[in-house]
Amino acid sequence: NTMQWSGGVKFAAIGKDNRFIREDYIGGAWIKDTLVSNHFRYDEKLLMLYAAIEKTFGKTAVTAGLRAEETFSKGISLTSGEGFDRSFTDLFPSFFLRHSLKAPKGNGIHFSYSRRIVRPGFRELNPYSLQFDNHTIMLGNPLLLPQYTHALETGFEWLHKYMATLYYSVTNHVIGQLASPVAGNIIEYQYKNLDKNREYGVTITVPVTLLKKWQITNNLLAYQSEMKIKNNRLKQSTLAVKTAHFISLKKLADIELIAEY
């Protein structure tokens, strides 16, 4: 029945200076092709503050946290003049609760919530047009925004090892590639922020001990995802099964066998 507080600060700075130079061998000399060569600079600074509190009420343990982030990012293509310069502040709360039903047997239930961020990468922000072959071009997008996810999870654990979990998540501004046909039988792929993705599913973990030195972990995952792109909705159902066997042969070898579907 104690309460614990924690907090901290973190600063990160990233700088990239990327040059892509194409040269053609003409008349016995290498000549720079200015139409496809590119010079891109990117700088990002992150200032993060976080605080968390932990408290136990009898058989219930609660952890709550909050992270604040200030992002400063700047990128410029010295070749085309395209670029961006922006800053924004985000808050990321998190909450976790676990209640023990029968402590000696390891039975309990849990619930959690968190807000997460995935920032676009250097390659995704670079406006450079990269042509792979005569029919495929990939474009970056300096206007990309980060994608944000709200995630909920609840589950039941028994005998310290068996677990069943239900989860639901919503992601906004999903970063993805859209394909568009252009002149000359060329397909152009560009990174863009899609509308929204919803996902919900169940995971089940069942460990088994066949022998003292033969441990097995079985996992089942089933989920439904739905992507919204403008006025279109794309749905997909997924089922995944995995079994992992670990066998220890004393003074001889450790054997690990994994099967997935």
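Here, residue 1 is the first one in the sequence, and each next residue gets the next number.
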Aromatic contact, Phe20 with Phe40 (centres under 6.0 Å):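 They do not qualify: ring centres at least 6.0 Å apart.
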Linked hydrophobic residues, Ile229 as query - side chain contacts closer than 4.5 Å: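 Traced through the cluster, Ile229 reaches Val174, Leu178, Leu194, Met227, Leu234.
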Donor-acceptor side-chain pairing of Asn126 and Ser77 below 3.5 angstrom: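 Short answer, no.
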Residues His99, Thr60; criterion side-chain hydrogen bond (donor to acceptor under 3.5 Å, both in side chains); working and verdict: CA-CA 4 Å; His99 179 72; Thr60 303; 2.7 Å; yes
Trace of the side-chain hydrogen bond (donor to acceptor under 3.5 Å, both in side chains) decision for Gln224 with Ser237: CA-CA 5 Å; Gln224 170 85 27; Ser237 299; 2.5 Å; yes
Close side-chain approach of Val208 to Asn218, heavy-atom, < 4.5 Å: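 Of all side-chain heavy-atom pairs linking Asn218 with Val208, at least one is under 4.5 Å.
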Salt bridge Glu70-Lys45, side-chain N to carboxylate O under 4.0 Å: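 Judged by the 4.0 Å cut-off on N to carboxylate O distance, Glu70 and Lys45 do not form a salt bridge.
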Neighbour count >12 (heavy atoms, 6.0 Å) for atom CZ, Arg119: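 More than 12 within 6.0 Å, yes.
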Asp24 side chain to Ile26 backbone, donor-acceptor under 3.5 Å: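 Answer holds: no.
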Rounded distance (nearest 0.5 Å) linking atom NZ of Lys196 with atom CZ of Arg198: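 The NZ atom of Lys196 sits 4.5 Å away from the CZ atom of Arg198.
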Short N-O contact, Glu69 and Arg67, less than 4.0 angstrom: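 Arg67 and Glu69: salt-bridged.
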No-hydrogen, no-angle side-chain donor-acceptor test under 3.5 Å, Thr34 and Ser37: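 There is no such pair (donor and acceptor under 3.5 Å, judged by atom type) between the side chains of Thr34 and Ser37.
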Under 3.5 Å donor-acceptor, Asn193 side chain and Leu145 backbone: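 It does hold such a pair.
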Validation row: Arg115, Asp90 side chains within 4.5 angstrom (heavy atoms):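 Yes - at least one pair of side-chain heavy atoms lies under 4.5 Å apart.
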Which atom of Pro127 lies closest to which atom of Ser80, heavy atoms considered: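 So the minimum-distance heavy-atom pair works out to CG-OG, 4.5 Å.
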Glu153 side-chain N/O to Ser112 backbone N/O, donor-acceptor pair under 3.5 Å: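 Absent.
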Whether over 12 other heavy atoms sit under 6.0 Å from Tyr261 OH: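 Result for OH/Tyr261: open.
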Side chains of Asp17 and Tyr42, donor plus acceptor under 3.5 Å: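 No, no side-chain donor-acceptor contact under 3.5 Å.
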Within-4.5 Å side-chain heavy-atom neighbours: Tyr113 and Pro93: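 Yes; the side chains approach each other to less than 4.5 Å.
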Main-chain N/O of Thr79 paired with Glu82 side-chain donor or acceptor, under 3.5 Å: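 Not confirmed, Glu82 side chain does not pair with Thr79 backbone.
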Crowding at CG, Asn185 (>12 non-hydrogen neighbours, <6.0 Å):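 Check fails, neighbour count at 12 or below.
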Derivation and outcome, side-chain hydrogen bond (donor to acceptor under 3.5 Å, both in side chains), residues Thr203 and Asn219: CA-CA 7 Å; Thr203 61; Asn219 294 288; over 6 Å; no
Shortest non-hydrogen contact from Ile76 toward Gly81: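 So the minimum-distance heavy-atom pair works out to CD1-O, 3.5 Å.
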Ring center gap for Tyr223 and Tyr200 short of 6.0 angstrom: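 No, they do not, as the ring centres are separated by 6.0 Å or more.
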Ile53 side, atom CD1; Ser6 side, atom OG - distance, nearest 0.5 Å: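 Those atoms lie 9.5 Å apart.
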Note, Thr154 side chain near Leu152 side chain (heavy atom, < 4.5 Å):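 No, their side chains stay 4.5 Å or more apart.
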Heavy-atom donor-acceptor pair, Gln190 side chain to Gly140 backbone, under 3.5 Å: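 At least one qualifying donor-acceptor pair exists.
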Ile204-Leu166 co-clustered via ILVMFWY side chain contacts under 4.5 Å: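 They do share one cluster, since a chain of ILVMFWY contacts under 4.5 Å joins Ile204 to Leu166.
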Nearest heavy-atom neighbours spanning Tyr50 and Val9: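 Minimum heavy-atom contact is CE2-N, 4.2 Å.
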Heavy-atom check, side chain of Phe95 versus side chain of Phe111, under 4.5 Å: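 Phe95 reaches Phe111 side chain to side chain.
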Distance-minimising heavy-atom pair for Trp214 and His245: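 Minimum heavy-atom contact is NE1-ND1, 3.2 Å.
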Working for side-chain hydrogen bond (donor to acceptor under 3.5 Å, both in side chains), residues His150 and Tyr168: CA-CA 8 Å; His150 296 274; Tyr168 175 80; over 6 Å; no
Six-ring centre of Phe57, Lys55 cation under 6.0 angstrom, axis tolerance 45°: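 Positive - Lys55 is close enough to the ring of Phe57 and near enough to its axis.
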Salt-bridge contact Lys74-Asp43 (side-chain N to carboxylate O under 4.0 Å):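 No, Lys74 and Asp43 are not salt-bridged.
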Distance in Å, Lys242 NZ paired with Thr217 OG1, rounded so as to fall on 0.5 Å steps: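 Those atoms lie 9.0 Å apart.
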Donor + acceptor pair across side chains of Thr171, Thr149 (<3.5 Å):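 Yes, a side-chain donor-acceptor pair sits under 3.5 Å.
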